[in-house]
Amino acid sequence: MSASVVDNTVSSGNSSVAIPTDISGQILDLDEDDELEVFSKDTSTTQTDGSSFNASMQTSPASMINQYKFEEEEEDADTKDIFVTVDNPESHVTAIETYITYRVETKTTRSEFDSSEFEVRRRYQDFLWLKGRLEEAHPTLIVHPLPEKFVMKGMVERFNEDFIETRRRALHKFLNKIAEHPIFSSSEDFKIFLTAGSGELTSHKKQGPGFLSRMGETVKAVAAAVRGVRNRPQEFTDMQEYAEAFSQKISSLDKVTQRIVREQKEYLEELKECGPTYALWSQSEQELAEPLKNVAGCVDNCCKETEEQVKHLNDHLIPVLHEYVLCADTLKAVLRRRDNIQADFEGKTEALATKKADRDADSKVLSLAWDSLVGRSPEEVKQQKQQKLKGEIKEMRDELDKAEDRLEWANNALKTDWTRWQKVMRTDLRSAFIDTAERNVSYYEKCLAVWESFLQSQRTDAEGNGNVDSS
Amino acid sequence: MADSGSEEIAVIGNTDLTPSESENNLKNTMVEKGTSLLKMMEISVAEAEKRTGKNAVNMQETYTVYLIETRPVDAASEGTNPVPDSLWRRYSEFELLRNYLLVTYPFSVVPPLPEKRAEFVWHKLSADNMDPDFVERRRVGLENFLLRVASHPDLSSDKIFYSFLTEENGWKETVFETGFQAKADSRLKALNATFRVKNPDKRFAEMKHYGDELQSVISQLLRVRARAADRLYGVYKVHGNYGRVFSEWSAIEKEMGDGLQSAGHHMDAYAASVDDILEEEEHYADQLKEYLFYADALRAVCRKHELTQYELEMAAQDLTSKKQQREELATGTIRTFSLKGMTSKLFGQETPEQREAKLKMLETQIEEGEELVKERNAECEEFVKSAWVDIERFKEQKDHDLREALISYAIMQISMCKKGIQVWNNAKECFSKM
């Protein structure tokens, strides 16, 4: 297997990605076979299952599962061969509209990419398109959420600096999560998103299932949703309950954290007035002037630290919690889509059973009257009818098989991705909370140092004056 | 329990002494100026209690009384632990004592009482006078007041103060008998003097100005601090919600459950810790408040100086004008316009006998006037001397006390930071186990 040549310092929170300095050299040092092994496996899946990255699945579930399992091991081997950065927002003004584009830079060693470095500019709409494509292709896989289109609270302007920066960070995380996903990262749409020029992208967007077929899919989905699923396996009901509960909890955490930020900001406002008051006081004093000025300085320093601590909370913990609030909604949507696929299968099963019943029933009934009118012998008619039904049944059976495959694939994909998602969620939230706790410790440590230096100064003063302060 | 009556004093402690000897001891050492009462006697305000009774207009009222305990220092050091002498007083009696001291020792910066009503409160602190926390802080403040008076070189030897500590009944009457209320300067008189005085001692003028500044800046500081305390309370308490949500969330997670649950406990601890933190800060606020009120006492001394100076100036002015009149009368020249002069011009001069009589009267008045000026001058000088000594003493005390207060504030902040570090380190450990 390939050795870990890549520096894994990329985390979804960083705005810039750590790029290993000289990948190419290191890779060439590897055993040729190893390198080929890694990449040929990738390309083989792309070739044989090329179509699986579009709308319909034609491979058997079994092989898909195998591929999936393999991909997981691949991940665990800790090799990262693609690095994506989103930065450099720029505003564009046209006659019709004004919008922002972001620079998307890709560095990769994957062989399916024509080159090792790409730089393109994308706008929010393009990200939306990509997400839609991935969801269409993999209805029961969990796609990391995009930042919201609008922010309802507080009338944030679309072109406000903070808003743009927050969105940029979220878009960066989105692409990185896609790149880290075993299936999504090999998506053709993803590759095009990262590499195509804007003209190329526009024309690619126009391909894919046409409007009518998309409508057809939607109608089917609605019908399935209306029909409802009859025999949902317990494990999916459990997942549903989990998704609901998780959604509530993470929303609460988001709200609590936002409230903390608000309260901290108000505290900061008041604290900002303390320092100057001590300074003012020091102007009326003689002996006390120095300690008062000192205290004023300490309070001001603590203010600065508080300000930074609030900023950190805002920039790090809140975005992560917010992402997972959106994730919770994704979980629910994925479960719904799975249900629809099952409902579709159940519907087709019923229909086939009905048709079969028809066939069996028909074989007993001889509608002599009409047929004799038409001049056909009962035997002929019966034969014709049987043939017709047989044909219909075969078609339905084929459809049913496809639906069954689709369901099995969907269920397995969902189960595997659910487990994967939980691991990622756990890692993300754990590191976000640890980060916050560390930051709080650091905040208190800095304030502690500020006040201890004050005490120190008072002690040396006292000793200088001949008294020893026993504080 | 000590009541009125000198025999009871003997009950305090040292049974080796006869009652009269013990009484003499205490009184002698008190009478000696310069020896602080505190060296002889331990004073404390030990308890507070609610009482109900009829007030002056015969209406039911509820009020708080405070238990003053006194104990001779010797007794404690001799190993015997006698029951302390004690009596109950209410806030209004403390006020009466202080007013008496203000009038009787106008050259002293008289220690202030704790505030009558709770001011500069942040929301959780009750502004209600009956609130137990307020009563407790007031108890401490009253004890502090008594100790300040008892350690003051001049005030500590006052007999009324002593009987305040030792004689429960009849003390009020004793105070009124001193007639101090009559000696009090009227507000109007003092205000008048402030506006009209021509040559106050510069140092006193500066001190008064300083008193104004001190009062203004400490008020501002207390206000700002109270608002900040309010906000800080909010920040900490909201973290309690983390505790609740983590706990609920841990119920639906398998591997993350334990870590979340224990982290939640630490969040609860963090939220709870703010109560102690702010209680300690309240002590700091009380220390500042004492000097806020001291500023007033300082200004009172300065105003008294203005008054004595003004009275001196008035007397001197009066004397000068009388001397001038004599001169005019003697030489017959009228330098200043006077109605008398005009009328005498119009209606004829006075007879020599009349002039003699007038001159004689003026001479007497001038003599008296000179005596008055001498007196007032001496008063003024005496006042300036004593007052400045006490002001210097006060300045040193203030610098020392406030510096200590700032240091204790820093220590409080440090303690708060240490608690924060501990809680968040613990939380971090729990998160790592998620």
Side-chain angles (χ1 to χ4, degrees), chain A residues 241-242 245-246 248-250 252-253 255-257 259-260 262-264 266-271 273-274 277-278 280-281 283-288 291-292 294-295 298 302 422 426 429-431 433-434 436-441 443-452 454-455 458 462 469 471, chain B residues 209-210 213-214 217-218 220-221 224-225 227-232 234-239 241-242 244-246 248-249 251-256 259 263 395-396 398-400 402-404 406-411 413-414 416-421 423-432 434:
Chain A
E241 282 173 12
Y242 174 84
F246 178 80
Q248 274 178 17
K249 300 313 152 203
I250 204 77
S252 293
L253 285 180
K255 285 202 198 96
V256 169
T257 310
R259 175 97 187 272
I260 288 179
R262 267 203 308 276
E263 297 279 342
Q264 283 270 46
E266 298 198 354
Y267 170 63
L268 190 58
E269 283 309 301
E270 303 299 344
L271 201 61
E273 296 196 30
C274 276
T277 309
Y278 280 108
L280 180 65
W281 186 359
Q283 288 172 13
S284 318
E285 298 286 344
Q286 283 138 3
E287 285 296 308
L288 281 178
L292 283 171
N294 220 321
V295 168
C298 289
C302 287
Q422 287 208 293
R426 186 173 166 203
L429 291 179
R430 177 176 53 212
S431 68
F433 285 126
I434 290 177
T436 303
E438 276 176 356
R439 192 61 190 69
N440 285 343
V441 168
Y443 163 72
Y444 280 115
E445 279 175 346
K446 293 204 187 112
C447 289
L448 181 75
V450 164
W451 289 108
E452 283 201 325
F454 170 75
L455 275 190
Q458 295 308 301
D469 214 354
S471 44
Chain B
H209 184 63
Y210 170 75
E213 286 180 349
L214 190 66
V217 85
I218 293 187
Q220 193 180 320
L221 191 58
V224 170
R225 191 212 72 87
R227 286 202 301 260
D230 231 348
R231 293 287 159 220
L232 191 65
V235 171
Y236 273 76
K237 286 299 175 188
V238 176
H239 279 81
N241 286 322
Y242 271 152
R244 183 181 50 85
V245 180
F246 280 162
E248 292 171 7
W249 183 14
I252 61 171
E253 296 290 344
K254 280 166 263 156
E255 296 109 352
M256 290 166 81
K395 271 205 278 197
E396 251 185 70
K398 165 202 55 114
D399 286 341
H400 175 268
L402 287 176
R403 193 161 158 279
E404 288 300 310
L406 292 176
I407 288 174
S408 75
Y409 180 72
I411 293 177
Q413 297 302 108
I414 287 173
M416 178 176 98
C417 289
K418 283 192 177 151
K419 281 191 212 161
I421 290 172
V423 162
W424 285 103
N425 266 330
N426 288 340
K428 177 178 150 188
E429 253 185 68
C430 297
F431 288 138
S432 313
M434 257 168 74

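Lettering follows sequence order; numbering is per chain, from 1.
In this structure, the separation between CD on Q283(A) and CD on E213(B) is 8.5 Å, given to the nearest 0.5 Å. The CG atom of N440(A) lies 11.5 Å from the NZ atom of K428(B); values are rounded to the nearest 0.5 Å. Taken to the nearest 0.5 Å, the CD1 atom of I411(B) stands 10.0 Å off from the CD atom of E452(A). For the atom pair CD of Q286(A) and CG of D399(B), the computed distance is 8.0 Å after rounding to the nearest 0.5 Å. One distance of note links CD1 of I421(B) with NZ of K446(A); it measures 11.5 Å at 0.5 Å rounding. The line from OG1 of T277(A) to CZ of R225(B) is 12.5 Å long, rounded to the nearest 0.5 Å.
L402(B) and W281(A) make their closest contact through CD1-CZ2, 3.6 Å (heavy atoms, listed as atom of the first residue, atom of the second, distance). The two atoms that bring Y267(A) and R231(B) nearest to each other are CA-CB, 3.4 Å, heavy atoms only. Of all heavy-atom pairs between K418(B) and L448(A), the closest is CG-CD1, 4.0 Å. Heavy atoms only, all atoms of each residue included: L406(B) and P291(A) are closest at CD1-CB, 4.0 Å. Shortest non-hydrogen contact noted between F431(B) and R430(A) is O-CG, 3.2 Å.
A tilted orientation is assigned to the rings of Y409(B) and Y278(A), their planes being inclined by 30° to 60°.
Aromatic ring centres of W424(B) and Y443(A): separated by at least 6.0 Å.
Residue contact with chain B, scored on non-hydrogen atoms closer than 4.5 Å, is absent for L268(A). Of the atoms belonging to V441(A), heavy atoms from both backbone and side chain fall under 4.5 Å from chain B. When heavy atoms are compared at a cutoff of 4.5 Å, T257(A) approaches chain B by way of both its backbone and its side chain. Only the side chain of Y210(B) comes within less than 4.5 Å of a heavy atom of chain A; its backbone N, CA, C and O stay farther away. Only the side chain of F454(A) comes within contact range of chain B, judged by heavy atoms closer than 4.5 Å.
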Problem set entry | Check against side-chain contact (heavy atoms from CB on, under 4.5 Å), E253(B) and Q422(A) | CA-CA 10 Å; E253(B) 296 290 344; Q422(A) 287 208 293; 4.2 Å; yes

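With respect to the salt-bridge test (charged N to carboxylate O, under 4.0 angstrom), the residues K398(B) and E285(A) qualify. For the pair E287(A) and R403(B), the salt-bridge criterion is not met [side-chain N within less than 4.0 Å of a carboxylate O].
Residues E263(A) and Y236(B) bring no donor and acceptor atom of their side chains to less than 3.5 Å of each other.
When each of T436(A), L280(A), V450(A), L253(A) is checked for heavy-atom pairs under 4.5 Å with chain B, L253(A) comes out on top.
In this structure, R227(B) contributes its side chain and E270(A) its backbone to no donor-acceptor pair below 3.5 Å.
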